[in-house]
Amino acid sequence: MSRRVVRQSKFRHVFGQPVKADQMYEDIRVSKVTWDSSFCAVNPKFVAIIVESGGGGAFIVLPLAKTGRVDKNHPLVTGHTAPVLDIDWCPHNDNVIASASEDTTVMVWQIPDYVPVRNVTEPVVTLEGHSKRVGIISWHPTARNVLLSAGKGGPLGHPPQGRVGSVGWWHPPRRSSAGCDNLVILWNVGTGEMLLVLEDMHTDLIYNVGWNRNGSLLVTTCKDKKVRVIDPRKQQVVAEKAKPHDGARPIRAIFMADGKIFTTGFSKMSERQLGLWD
């Protein structure tokens, strides 16, 4: 006679209380693309959410105060020819947001304070340098002119270039992005030029990238089950931890304010684990 063993959970009988309608955003067709992303980003002015869109990728931008049911015809930010995988607000300018897409490009957008009457289709700059989809972007926390991107596959056969649009008071922020070619590129968003390429550091798909507090170091997690600390100026790995979590599911890592690294992952039994590393 076989017995079915049910793994005990502390949260098995915990039930959440939904917030009131005037405190939430309703009727948003959140993207169903299979990618490990939060699909949203928020700053003191706006919340942005990656949504389903026919014929390309798009995301919606809503003022924080505009809660309730969202009009199905609300203008979108469109321009990518494939699904959007990641979005991130600029920490130095609440009206600037970047997006990464399966179409191998990163686009930077300027969002007006008013709600536009039609879709926003013209990015301030388009960055082209990856040969496959770009899944991670992250603004530099202190510098105003660097962008990071990463992907899987080799770099394109020509030097990465950007197409810069026109905007009256644009101050170029710095940003980074990570794609699916195991390649991390740092860009000068103002000129659309590549600052440096971090290659031959990851043997497989990059899961996430994070800056430390002053932007002098990067922490990355990879499908090869390693956490790496990278000095982008020296273009070298300065610390590495193999298998911080034994499970096969993706690992994520961030820098804490004191310089320690916090990781999330899973055990071999698929139990969620948290780790703090010096």
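Throughout, numbering of the chain's residues begins at 1 and tracks the sequence.
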Closest contact, heavy atoms only, Arg233 versus Gly215: NH1-O, 4.1 Å
Transitive ILVMFWY side-chain link Val96 to Ile137, under 4.5 Å: yes
Cluster link Leu198 to Val238, ILVMFWY, side chain under 4.5 Å: no
Check: Ile111 main-chain N/O paired with Asn95 side-chain donor or acceptor under 3.5 Å: yes
Verdict with reasoning, Ile97 to Ile87, per side-chain contact (heavy atoms from CB on, under 4.5 Å): CA-CA 7 Å; Ile97 189 171; Ile87 51 178; 4.2 Å; yes
Donor-acceptor under 3.5 Å (Trp211 side chain, Ser216 main chain): no
pair Val51-Val30: side-chain heavy atoms closer than 4.5 Å: no
Residue pair Trp109, Val61: steps toward the side-chain contact (heavy atoms from CB on, under 4.5 Å) verdict: CA-CA 11 Å; Trp109 310 83; Val61 176; over 6 Å; no
Heavy-atom pair of closest approach, residues His140 and Pro91: O-CG, 3.7 Å
Pair Val47-Tyr25, side-chain contact (heavy atoms from CB on, under 4.5 Å): steps then yes or no: CA-CA 10 Å; Val47 58; Tyr25 305 91; 3.9 Å; yes
Close side-chain approach of Glu102 to Val33, heavy-atom, < 4.5 Å: yes
4.5 Å side-chain heavy-atom contact, Asp224 and His202: no
Hydrophobic cluster identity match, Ile230 and Leu186, side-chain contacts under 4.5 Å: yes
Heavy-atom pair with the smallest gap, counting every atom of Val229 and Phe255: CG1-CZ, 4.0 Å
Could you pull out all donor-acceptor pairs under 3.5 Å where a side-chain atom in residues 259-267 meets a protein atom, sequence neighbours excluded?
{"from": "Thr263", "atom 1": "OG1", "to": "His245", "atom 2": "NE2", "distance (Å)": "2.8"}
{"from": "Thr263", "atom 1": "OG1", "to": "Trp277", "atom 2": "NE1", "distance (Å)": "2.9"}
{"from": "Ser267", "atom 1": "OG", "to": "Met269", "atom 2": "N", "distance (Å)": "3.2"}
{"from": "Ser267", "atom 1": "OG", "to": "Glu271", "atom 2": "N", "distance (Å)": "3.1"}

hydrophobic_cluster_shared for Leu64 and Leu76, side chain cutoff 4.5 Å: yes
Non-hydrogen atoms of Ser99 and Phe59 that approach each other most closely: CB-CE2, 3.7 Å
Distance-minimising heavy-atom pair for Ala143 and His92: O-NE2, 3.1 Å
Sidechain N-carboxylate O distance under 4.0 Å for Lys45, Asp113: yes
Pairs flagged by salt bridge (charged side-chain N to carboxylate O under 4.0 Å, His left out) wherever residues 62-75 is involved - sequence neighbours left out: Asp27-Arg69
Worked check of side-chain hydrogen bond (donor to acceptor under 3.5 Å, both in side chains) between Thr67 and Asp22: CA-CA 6 Å; Thr67 54; Asp22 61 352; over 6 Å; no
Exam field: side chain Ser37 to backbone Leu85, donor-acceptor pair closer than 3.5 Å: yes
Salt bridge (charged side-chain N to carboxylate O under 4.0 Å, His left out) between Asp36 and Arg252, intermediate numbers included: CA-CA 10 Å; Asp36 187 16; Arg252 300 184 73 87; 3.3 Å; yes
Exam field: side chain Asn119 to backbone Val77, donor-acceptor pair closer than 3.5 Å: no
Atom pair CG/CG of Leu217 and Asn212 - distance to nearest 0.5 Å: 4.5 Å
Asp103/Arg133 salt bridge by N-O under 4.0 Å criterion: no
Least distance between heavy atoms, Val84 atom then Gly57 atom: CG2-C, 3.7 Å
Side-chain touch Thr220/Val227, heavy atoms, less than 4.5 angstrom: no
Under 3.5 Å donor-acceptor, His74 side chain and Val115 backbone: no
Exercise: do Asn214 and Thr142 side chains pair donor with acceptor under 3.5 Å: no
Ile49 CD1 to Ser38 OG distance, which is reported to the nearest 0.5 Å: 10.5 Å
Joint hydrophobic cluster, Val125 plus Val134, side-chain heavy atoms closer than 4.5 Å: yes
Asn43 side chain vs Trp89 backbone, donor-acceptor pair below 3.5 Å: no
Separation between CE of Met201 and CG of Leu183, rounded to the nearest 0.5 Å: 10.5 Å
Worked verdict on Lys223 versus Tyr207 for side-chain contact (heavy atoms from CB on, under 4.5 Å): CA-CA 7 Å; Lys223 195 174 181 180; Tyr207 283 146; 3.2 Å; yes
Heavy-atom side-chain proximity of Ile60 to Leu62 below 4.5 angstrom: yes
Polar side-chain atom of His80 near backbone of Pro83 as donor-acceptor pair, under 3.5 Å: no
Value rounded to 0.5 Å, distance of CD in Gln110 from SG in Cys90: 10.5 Å
Backbone N/O of Lys132 and side chain of Thr104: donor-acceptor pair under 3.5 Å: no
Gln235 atom CD, over 12 foreign heavy atoms within 6.0 Å: yes
Side-chain donor/acceptor of Asn188 to backbone N/O of Gly192, under 3.5 Å: no
Rounded distance (nearest 0.5 Å) linking atom CG of Asp246 with atom OG of Ser270: 11.5 Å
